[in-house]
**Student:** 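One structure coming up, written as structure tokens, with questions to follow.
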Amino acid sequence: MKILITGAGRGLGLELARAGGDRGHTILAGLRDQTKAEGLTQLHNRFPGRIHPLSMEVTNEASIAESATKAMSEFGSIDVIINNAGVLVERDKRIEDLDFAQLQFTMDVNLYGPMRVVKHFLPLLLKGQDQSIVNISSEAGSFHNAYGGDYPYAISKAALNMFSEQLKKYVKEKEINVYAIHPGWIKTDMGGDKAPGSPVETANNIMDIVEGKTSVKSDFAFIDHRGGSMAI
Ligand code: NDP
């Protein structure tokens, strides 16, 4: 499979690239700054011909359009889009203290980023096979788990879930799977050292989903990385 992953230089994105490369897939690795992505350079050497860095700043539509044009000429199609890049800022701020510039920034990366990527890469995906779009979401974006803080992050992920559900309906007739996946609380720069989960395990579980090895138990897009329903 040809798999596009945003934010592939570290954290969950890097583990997704590693898991995909390990399984023989071709990885289009979206990165902001290739010179800082040492882990990806190692993967590039470990899986010759399978890891292809692609310059992608998800807040910049021109950057996404350019990378889609480049990918179309080099690969002709893709099979999977994984919108993984994300930010978590303004933690535990009270509504009275909220900085709207930070809310806007979070929406720009966590919601408009995936929307820009889908807008420009959908033509390539339509030429692929056994296609899936995976938006990496969070339980913070579920009504059930709302814990009354992290306004920008929670709201951006709830909106990403809605975008995923709308997209699922839009591409239904084309038999493209659309998921908004909660990856679990995992050890990355964002998740921190105390997180109980491993990004390696989550990345492999997500690969199992896109490869069709996991039976997904939900009619809605919002699921966890083991294929269980997160809807509501
Ligand atoms: P990290 O903070 O470790 O990594 C974030 C990644 O996103 C980096 O690769 C970063 O690139 C990239 N990124 C950020 N902003 C942009 C941008 N504007 N354009 C392109 N790339 C960007 O986070 P995780 O790996 O933990 O998170 C991955 C996803 O999982 C996120 O969507 C997050 O919300 C979600 N998630 C994570 C959880 C956790 O416990 N870790 C829990 C629930 C959800 P760069 O290196 O250039 O900064």
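Because only heavy atoms are used, hydrogens play no part in the values below, and waters and symmetry mates are left out as well, while side chains stay in. Both counts, for ligands and for their atoms, begin at 1 and track the order of listing. The first residue of the sequence shown is numbered 1, and numbering continues consecutively from there.
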**Student:** To which of N84, N110, T106 does the heavy atom nearest atom 29 (C) of ligand 1 belong?
**Tutor:** N84

**Student:** Which option out of W185, Y153, F105 puts a heavy atom nearest to atom 36 (N) of ligand 1?
**Tutor:** Y153

**Student:** Calculate, to the nearest 0.5 Å, the distance between atoms NZ and OG1 belonging to K36 and T41 respectively.
**Tutor:** 13.5 Å

**Student:** Do me a favour and list the nearest non-hydrogen protein atom to atom 35 (C) of ligand 1 with residue, atom name and distance?
**Tutor:** I136 CG2, 3.6 Å

**Student:** Once you round to the nearest 0.5 Å, how far does CD of E201 lie from NZ of K187?
**Tutor:** 11.0 Å

**Student:** Heavy-atom contacts with M56 under 4.0 Å: which atoms of ligand 1 show up? List them by number with element.
**Tutor:** 20 (C)

**Student:** What protein heavy atom lies closest to atom 25 (O) of ligand 1? Include the residue and the distance to one decimal.
**Tutor:** L12 N, 2.8 Å

**Student:** Using a distance-only test with no angle check, is there a side-chain donor-acceptor pair under 3.5 angstrom linking R116 and N60?
**Tutor:** no

**Student:** Should we say atom CZ of F75 is surrounded by more than 12 heavy atoms from elsewhere, each under 6.0 Å from it?
**Tutor:** yes

**Student:** Going by the atom numbers of ligand 1, which of them fall below 4.0 Å from some non-hydrogen atom of S138?
**Tutor:** 43 (C), 44 (C)

**Student:** Considering only protein heavy atoms, which is closest to atom 38 (C) of ligand 1, and at what distance to one decimal place?
**Tutor:** G184 O, 3.8 Å

**Student:** Check ligand 1 against I186 and write out every atom of the ligand that is under 4.0 Å from a heavy-atom position of the residue.
**Tutor:** 39 (C), 40 (O), 41 (N)

**Student:** Identify, with sequence neighbours excluded, every residue that meets side chain to side chain contact (heavy atoms under 4.5 Å, CB included) alongside L14.
**Tutor:** R18, L40, L43

**Student:** Is there a polar contact between ligand 1 and H182, counting only N or O atoms under 3.5 Å apart?
**Tutor:** no

**Student:** I would like to know whether Q131 and L122 meet side-chain contact (heavy atoms from CB on, under 4.5 Å); could you show each step before the answer?
**Tutor:** CA-CA 10 Å; Q131 303 102 314; L122 194 57; over 6 Å; no

**Student:** Name each donor-acceptor pair under 3.5 Å that joins a side chain in residues 152-166 to protein atoms two or more places apart or in another chain, with its distance.
**Tutor:**
unit_1, atom_1, unit_2, atom_2, d
S156, OG, N110, ND2, 3.1
S156, OG, P152, O, 3.3
S156, OG, Y153, O, 2.8
K157, NZ, I136, O, 2.9
N161, OD1, S137, OG, 2.7
N161, ND2, G141, O, 3.2
N161, ND2, K157, O, 3.4
S164, OG, N135, ND2, 2.9
S164, OG, L160, O, 2.7
E165, OE1, A221, N, 2.8
E165, OE2, K169, NZ, 3.4

**Student:** Nearest protein heavy atom to atom 4 (O) of ligand 1, by residue and atom, and its distance?
**Tutor:** R10 NH1, 3.7 Å

**Student:** Hey, is CG on D130 packed in by over 12 heavy atoms from elsewhere, all under 6.0 Å?
**Tutor:** no

**Student:** Which option, E15, R116, E57, owns the non-hydrogen atom nearest atom 18 (N) of ligand 1?
**Tutor:** E57

**Student:** Look up atom CD1 in I82 and atom CG in L16, then write down how far apart they are to the nearest 0.5 Å.
**Tutor:** 5.0 Å

**Student:** Is the closest heavy atom of G30 to ligand 1 under 4.0 Å?
**Tutor:** no

**Student:** State, without any angle test, whether K2 and S77 hold a side-chain donor-acceptor pair at a distance under 3.5 Å.
**Tutor:** yes

**Student:** Considering the heavy atoms of G11, write down every atom of ligand 1 situated less than 4.0 Å from one of them.
**Tutor:** 3 (O), 25 (O)

**Student:** Using heavy-atom distances, let me know which of S156, G86, G7 sits nearest atom 14 (C) of ligand 1.
**Tutor:** G86

**Student:** Please round to the nearest 0.5 Å and tell me the distance separating atom CD1 of I3 and atom NE2 of H25.
**Tutor:** 4.5 Å

**Student:** So, does E139 sit close enough to ligand 1 that a heavy atom of it is under 4.0 Å from the ligand?
**Tutor:** no

**Student:** Could you check which of G13, G9, A85 puts a non-hydrogen atom nearest to atom 21 (N) of ligand 1?
**Tutor:** A85

**Student:** Does even one non-hydrogen atom of A37 get within less than 4.0 Å of ligand 1?
**Tutor:** no

**Student:** Could you check atom 26 (O) of ligand 1 against the protein and tell me its nearest heavy-atom contact, residue, atom and distance included?
**Tutor:** T188 OG1, 2.5 Å

**Student:** Which atoms from ligand 1 have a heavy atom of G191 less than 4.0 Å away?
**Tutor:** 39 (C), 40 (O), 41 (N)

**Student:** What residue and heavy atom of the protein are closest to atom 47 (O) of ligand 1, and at what distance?
**Tutor:** R32 NE, 2.9 Å

**Student:** Quick one: nearest non-hydrogen protein atom to atom 19 (N) of ligand 1, plus distance?
**Tutor:** V58 N, 3.0 Å

**Student:** Any nitrogen or oxygen of T59 lying under 3.5 Å from a nitrogen or oxygen in ligand 1? Just yes or no.
**Tutor:** no

**Student:** I need the contact type for P183 against ligand 1. Using non-hydrogen atoms and a strict under-4.0 Å cut-off, is it side chain, backbone, both or neither?
**Tutor:** side chain

**Student:** A side-chain contact here means heavy atoms from C-beta on lying under 4.5 Å apart; do S67 and M56 qualify?
**Tutor:** yes

**Student:** Membership question, hydrophobic clusters at under 4.5 Å side-chain separation (ILVMFWY): are L31 and F121 in the same one?
**Tutor:** no

**Student:** Would you give the length of the straight line joining atom CD of E15 to atom CD1 of I5, rounded to the nearest 0.5 angstrom?
**Tutor:** 10.5 Å

**Student:** Could you tell me the residue and atom name of the protein heavy atom closest to atom 23 (O) of ligand 1, and the distance to it rounded to 0.1 Å?
**Tutor:** M190 CB, 3.4 Å

